[in-house]
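Notes to accompany the following structure.
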Amino acid sequence: MSPSAANHPVLDPLLAPPFPQAALPLLRNPQLRTNVAHAIDVIQAKRSRLVKEKSDWQELRDAASAIRTEALANLDHYLEQFEERCTRAGGTVHWAADAAEARQIILELLRKEMASEVIKIKTMTSAEIQLNPFLQAAGIDVFETDLAEIILQLGDDEPSHIVVPALHVNRSQVREIFARRMGLENLSDDPQALTAAARTYLRQKFLNIPTAVGGANFLIAETGSVAVVESEGNGRMCLTLPRTMITLAGIEKVLPRFQDLEVMLQVLARSATGERMNPYTSLWTGVTPGDGPQSFHVVLLDDQRSSILSRPVERQTLKCIRCAACINTCPVYRQTGGHAYGSVYPGPIGAILTPQLMRMHHAQSLPFASSLCGACYEVCPVKINIPEVLIELRSQVVDQERRQFASIFDPMFLGMKIANLLFQKAWRFHLGQRLARIGARLFTRKDGWIHSLPSLGAKWTQTRDLRALPNQTFHEWWAARTKEAR
Amino acid sequence: MSSAASITSRQKILDRIRAAKRNSANGAAQVEAANAAQPRAYVRSGKLPTEARIALMIERLREYDAEVLESTPENLVASIRAQLTGSGKHRFVLPEGLPVDWLVTGFDWKVDNGLATADIEHAEGVVSAAFCGVADSGTIVLHHSTTEGRRVITLLPDWHLCILRASQVVETLPEYFDRCPQPPALVTWISGPSATADIEMTRIKGVHGPRILHVILVRDDA
């Protein structure tokens, strides 16, 4: 079955079903789970080998975290510096307060270029603002050039990972998509042949389409430069051959100094793809006469980022360099894959970023899509304490629900209110214990276990047994023991 | 050329950021101090002796399936000739700043003094110098000077012969940055030929950039 034949994944948090609901069909899809698990195992093994060989890994993480923290602490300063230096080097900087404004700026730039087609470097930020459907609707053909993005675009599918977006698709599915959409009936499913087909398909586009849109891994404030980290060379093609280059970047992507790359490039490749260094990294500064695009634009996107910055616990979300190490290590992601998250940002980072980008008005189920095992924090190269942010966001979601009138009748809130009363006084607590012991006796079997409870209690006993309550609490035992001693 | 709306958004975004920080913009001095106070306890300088550093560079390049040949400075032109002959290709591009004696006879050379893209696409290979080599990751760094060429010439041809001098090879990435007192305007860090692992995480060489990377390591350190 091709991915396009399955239900089309919804990655718009405004429309996506809650995580547990979206995860169900994916959990029942053995092919998808095999594909995801295989890809994750390969990346994880490579990453862990290369991180182990780095004796200064923790020192690099400390430095990377400090660099990102400081960049955010002085974000206004660095953005203005970036703008000034990029402009001085011949670039043009645009500011977009939200997604709609960013889309409009890019469309206007393309209209000015009379562009009917555009080539793209993979950028999750453009997926976040849903740029492709917007441009298509405006009559501009968009050609993704990253291999994974081509697979998704031709297969009418959506990304399920931020670094390897098509990891849920296997080689025979890719073969089917390419054969159908490129008209290559005799294509084999050898990855070498599939890659060669993509190379041929794109070569003419690179040479002929004069306008490109891409993202940025880093914006360098000190020099006004932009850095793009990639593997295939499609990025270099887009950064070199077209007449006009448009870069879309979140405002948080700034690094203070050129030299900061000595840390970021070391941690990024190892964390993202388990390589000592990715095949190609490009850095350019405005416009270079005679070399590359002679018209260069940067669109700086806020879209809730400044509001995330204003919250002390959640602010660290913006340190993210999109390496996906947290996604690859997450036991939840490993089971569901990325589409369950209903956002272009899946996994632990998506679980904290997406609801915040939605101002906590949508995607409220995502902070709960975690076991809080902490693996994500451990691997994060910029030391984002994801569990801490998850817990903070969970409390906000619970507060939202509590404020709703219906919560008065909600068993969970009712239970919490009763618990609150019981825990206030020792005598109430002891009374509660005694009543529970009497009540539980009705359901306790001879083996000392409660195997099934009625009504709401069944939610617990459906999946696990409950130990019977002991006949004596510690308090009672202690009191009896003291009495005896006298 | 920012539109009026964009200028308003600029102010709006900066205002929001400053409000988020609950103080006004830090002065340049404070920013500088914050920068200097950062922990930088990671390894900056390598510890390997020269021979081991060069050996590591070669080992890493070979792990990327790049072919590496060592050469003395005197033998360089002969080594270039051998590599070109071995490639089985005929049409080559050369950046304009390289010595003319690298243009060994018997091949069809195009010196890039602003060649059209079609001409470069027509070439089968390219010969270039480099700015630096980083042994730790087997990375070749190009700054796209006149000896390394415009970005496009080391991108379109399928075969890239890079001439790297041993004195340009450092052990760690921070050592490369130490060699850049002035940040360069253009940089390409190349670690092995173009590759992808997008299909089942199987590494496939040569998607869009040169599929074949050859390196001549010139032992100018001896």
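Note that these values count all heavy atoms, side chains included, but never hydrogens, waters or copies made by symmetry.
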(request) Ignoring hydrogens and angles, tell me if any N or O in the side chain of B/R40 forms a donor-acceptor pair with the backbone of A/A63 under 3.5 Å. (result) no

(request) State, with a plain yes or no, whether a side-chain heavy atom of B/T188 is found less than 4.5 Å away from one of A/T281. (result) no

(request) Please list, chain by chain and in numerical order, all residues satisfying salt bridge (Lys or Arg N to Asp or Glu O under 4.0 Å) with B/E200, sequence neighbours excluded. (result) A/R171

(message) Can you pull out every side chain to side chain donor-acceptor pair (under 3.5 Å) where at least one residue sits in residues 57-70 of chain B? Sequence neighbours excluded, please.
(response) A/R276-B/E63, B/E70-B/R219

(request) Check whether any side-chain heavy atom of A/R236 lies under 4.5 Å from a side-chain heavy atom of B/R151, and answer yes or no. (result) no

(request) Considering non-hydrogen atoms only, spot the tightest contact between A/W95 and B/S9 and give its length. (result) O-CB, 3.4 Å

(message) Please check: side-chain N/O of A/R199 versus main-chain N/O of B/V207, any donor-acceptor pairing under 3.5 Å?
(response) yes

(request) With a 4.5 Å heavy-atom cut-off (strictly below), which parts of residues 120-142 of chain B touch chain A? List them by number. (result) B/E121, B/D136, B/S137, B/T139

(message) Below 30° counts as parallel, above 60° as perpendicular, anything between as tilted: where do the rings of B/Y176 and A/F258 land?
(response) perpendicular

(request) Write down the atom of B/L173, the atom of A/L265, and the distance for their closest heavy-atom approach. (result) CD2-CB, 3.9 Å

(message) Is B/T202 in contact with chain A via its backbone, its side chain, both, or neither, using a 4.5 Å heavy-atom distance?
(response) side chain

(request) Could you tell me which portion of A/P191 (side chain, backbone, both or neither) has an atom closer than 4.5 angstrom to a non-hydrogen atom of chain B? (result) both

(message) Looking at B/K205 and A/E232, is any side-chain nitrogen of the basic one under 4.0 Å from a carboxylate oxygen of the acidic one?
(response) no

(message) Taking B/R44 first and then A/D56, would you say they form a salt bridge - that is, a charged N and a carboxylate O separated by under 4.0 Å?
(response) no

(message) Which atoms of A/R311 are under 4.5 Å from chain B, going by heavy atoms: the side chain, the backbone, both sets, or neither?
(response) neither

(request) Give a yes or no on whether a salt bridge exists between A/E101 and B/K12, defined as a side-chain N under 4.0 angstrom from a carboxylate O. (result) no

(message) The criterion is salt bridge (Lys or Arg N to Asp or Glu O under 4.0 Å); which residues satisfy it with A/R175, sequence neighbours excluded?
(response) none

(message) When you measure from the side chain of A/S310 to the backbone of B/A20, do you find a donor-acceptor pair of N or O atoms at a distance under 3.5 Å?
(response) no

(request) Could you tell me whether the side chains of B/Y42 and A/E262 share a donor-acceptor contact shorter than 3.5 Å? (result) yes

